[in-house]
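Structure, as structure tokens:
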Amino acid sequence: MKRGDLLSLDDLTPEQLSQILDRARELKARRLAREFLAGQSLALLFDKPSLRTRASFDVAMYELGGHVVYLGPDEVGLGRREAIADVARVLSQYVHAIAARIGSHQTLEELARAASVPVINALSDRSHPCQGLADLLTLREHFGRLAGIRLGYIGDGNNIAHTLLSAAGKVGLHLTLASPPGYECDAAAVERARREAEMHGGSITLTNDPAEAARDADALYTDVWTSMGQEDQAAVRRQIFARYRVDRELLRFARPGALVMHDLPAHRGEEITDEVIDGPQSVVFEQAANRLHVQKAVLLWLMVRVDGYVV
Ligand code: CP
Ligand code: NVA
């Protein structure tokens with residue numbers, strides 16, 4: 001029986017989330033720990049392009065002593081050349097875990113149900129839990145805590161926004177999301193996050209006003225206006241989101257020295273200006289760096305068959 005999957009941060013209790021962040025910090029201090037996953041393999045099943053996720057999982061497995069099998073968009077033909085469930089059953093006999101980047105979250109869930117090994121969401125249309133963990137680690141490194149931090153998200157109510165919603169509820173962030181009308185997060189996900197946030201001292205606010213999300217924020221976060229697979233909407237979105245750019249003027253609403261965050265890749269000049277992403281408040285490359293460490297912690301959590309591994 002597999003230990004579990006990580007399809008969304010909703011799969012983690014606040015305690016498990018905090019344990020993963022603690023482990024990531026330890027693994028960051030000691031990069032090479034090849035005894036942990038010696039003899040274990042991870043399949044990277046990717047239906048979309050990637051830099052950070054692919055490279056960091058590959059290096060994570062190397063540094064933990066394991067092996068990676070990369071299967072790109074042209075190789076497997078998920079659901080086209082072969083049924084999702086069949087792919088899952090076959091791969092489960094070769095590898096000890098699967099990290100999958102599949103557009104549709106529903107398809108990802110189907111893969112996870114059919115797989116007998118843990119499945120990690122490497123980005124779906126609904127969620128990007130590995131990115132969310134890296135973002136939380138980055139915030140914690142800067143503020144020494146997560147509870148009570150004011151995070152303003154400006155942009156599309158997309159996979160990244162939903163990930164921040166799940167995270168905020170669990171760790172007690174005060175999250176304000178500013179999206180254009182019609183591009184807000186899913187109402188049910190907002191309600192769920194609000195209920196969780198109430199238990200942990202956080203809050204979730206939705207607005208259409210970017211300045212409201214930026215006001216007094218400890219950190220500002222943005223993501224692309226056009227996600228992978230939405231390229232045919234790019235021109236329309238450029239017009240609709242024009243007011244939702246993180247630039248120097250918007251940053252003035254935030255607290256002095258507020259962090260600037262982006263999961264990358266960035267569409268420079270659209271959702272964020274060069275001077276802000278390259279400026280002294282930007283932590284975007286720290287977020288990218290932390291992907292490696294949190295993913296190692298996730299791999300150990302799902303693949304090492306003991307509770308509470310110790311480095
Ligand atoms: N942030 C992120 O997941 O980047 P990639 O799409 O390059 O993996
Ligand atoms: N929202 C972006 C995130 C990329 C990591 C996308 O889905 O393309």
Side-chain angles (χ1 to χ4, degrees), residues 6-9 24 42-61 68 70-73 98-108 119-139 153-167 177-180 183-186 189 219-234 236-238 240-241 244-246 260-268 270-272 277 282-296 298-299:
L6 181 64
L7 303 189
S8 142
L9 291 183
L42 171 74
L44 295 181
L45 185 59
F46 276 37
D47 224 8
K48 286 182 175 179
S50 167
L51 168 64
R52 279 145 290 273
T53 311
R54 178 186 176 177
S56 54
F57 265 119
D58 198 329
V59 173
M61 282 301 284
V68 156
Y70 174 75
L71 300 160
I98 301 169
R101 174 167 285 198
I102 302 175
S104 152
H105 195 82
Q106 250 180 322
T107 306
L108 176 73
V119 173
I120 300 167
N121 182 359
L123 179 74
S124 70
D125 55 3
R126 209 188 301 161
S127 185
H128 199 4
C130 298
Q131 183 67 51
L133 290 168
D135 300 339
L136 292 178
L137 182 61
T138 307
L139 285 169
Y153 175 87
I154 289 107
D156 193 15
N158 60 12
N159 38 20
I160 294 294
H162 283 92
T163 304
L164 295 175
L165 259 182
S166 306
L177 300 133
S179 306
Y183 292 85
E184 296 99 342
C185 285
D186 171 65
L220 285 189
Y221 199 124
T222 190
D223 183 28
V224 291
W225 295 340
T226 301
S227 285
M228 286 182 272
Q230 298 174 331
E231 287 78 7
D232 57 339
Q233 303 169 28
V236 176
R237 283 171 172 266
R238 243 175 249 128
I240 291 173
F241 283 83
Y244 295 80
R245 174 173 297 123
V246 176
V260 172
M261 305 179 77
H262 193 306
D263 49 292
L264 301 178
H267 294 169
R268 287 166 172 261
E270 291 194 8
E271 75 276 3
I272 194 160
I277 198 169
S282 170
V283 293
V284 303
F285 296 104
E286 292 174 39
Q287 291 171 261
N290 279 335
R291 292 290 303 274
L292 174 65
H293 314 299
V294 296
Q295 284 161 206
K296 280 181 174 175
V298 167
L299 291 168

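Indexing begins at 1, ligand by ligand and atom by atom, following the structure's order.
For ligand 2 and Asn159, the ligand atoms under 4.0 Å from any heavy atom of the residue are 1 (N), 2 (C), 6 (C), 7 (O). Interface atoms of ligand 1 facing Thr53, defined by a heavy-atom separation under 4.0 Å, are 2 (C), 3 (O), 5 (P), 8 (O). When each atom of ligand 2 is checked for a heavy atom of Asn158 under 4.0 Å away, the hits are 1 (N). Contact atoms of ligand 1 toward Asp263: 1 (N) (distance under 4.0 Å to a heavy atom of the residue).
Below 3.5 Å of separation, one finds no N or O of Arg101 facing any N or O of ligand 2. Not one N or O of Arg54 is nearer than 3.5 Å to an N or O of ligand 1, by distance alone. Polar contact with ligand 1: present for Leu51 (N/O pair, distance under 3.5 Å). Between Met228 and ligand 1, no pair of N/O atoms sits closer than 3.5 Å. The N/O atoms of His128, backbone and side chain alike, include none that comes under 3.5 Å of an N/O atom in ligand 2. Ligand 2 has no N or O atom lying under 3.5 Å from any N or O atom of Pro265, backbone or side chain.
Between the choices Asp125, Ile160, Asp223, the shortest heavy-atom distance to atom 1 (N) of ligand 2 belongs to Asp223.
Under the 4.0 angstrom criterion for non-hydrogen atoms, Lys48 is not in contact with ligand 1.
Looking only at heavy atoms of the protein, atom 3 (O) of ligand 1 is closest to His128 NE2, 2.8 Å. Atom 8 (O) of ligand 2 has as its closest protein heavy atom Met228 N, 2.8 Å. When hydrogens are left out, the protein atom nearest atom 4 (O) of ligand 1 is Arg52 NE, 2.7 Å; that is the closest non-hydrogen contact.
Annotation for Gln233: atom CD counts as buried by contact number, over 12 foreign heavy atoms lying within 6.0 Å.
Taking all atoms of both residues into account, the shortest heavy-atom contact from Ala167 to Leu9 is CB-CD1, 3.7 Å. For the pair Ile160 and His128, the tightest heavy-atom approach, listed with the atom from each and the gap, is CD1-CD2, 3.9 Å. A pairwise comparison of heavy atoms in Pro180 and Gly155 identifies CD-O, 4.0 Å as the closest pair.
Looking at heavy atoms from C-beta onward, Gln131 lies out of side-chain contact with Leu123 at the 4.5 angstrom threshold.
Looking at Ser124, its side chain never comes within 3.5 Å of a backbone N or O of Ser104 through a donor-acceptor pair. Gln287 places a side-chain N or O within donor-acceptor distance of the main-chain N or O of His262, the cut-off being under 3.5 Å. Of the possible donor and acceptor atoms, none in the side chain of Asp223 sits under 3.5 Å from a partner among the backbone N and O of Asn158.
One finds the OG1 atom of Thr53 at 12.0 Å from the CG atom of Leu292 (value rounded to the nearest 0.5 Å).
Heavy atoms of Leu264 found under 4.0 angstrom from ligand 1 belong exclusively to the backbone. Here Asp263 has side-chain heavy atoms under 4.0 Å from ligand 2, and that is the only part of it that gets that close. Contacts with ligand 2 closer than 4.0 Å are made by no heavy atom of Asp156, backbone or side chain. Contact annotation: for Arg101 versus ligand 1, heavy atoms closer than 4.0 Å belong to the side chain alone.
Side-chain rings of Tyr183 and Phe241 approach one another, their centers coming within less than 6.0 Å.
A donor and an acceptor atom, one from each side chain of Tyr221 and Asp135, are located under 3.5 Å apart.
Comment: Asp186 does not engage Arg126 in a salt bridge, judged by the lack of any side-chain N to carboxylate O separation of less than 4.0 angstrom.
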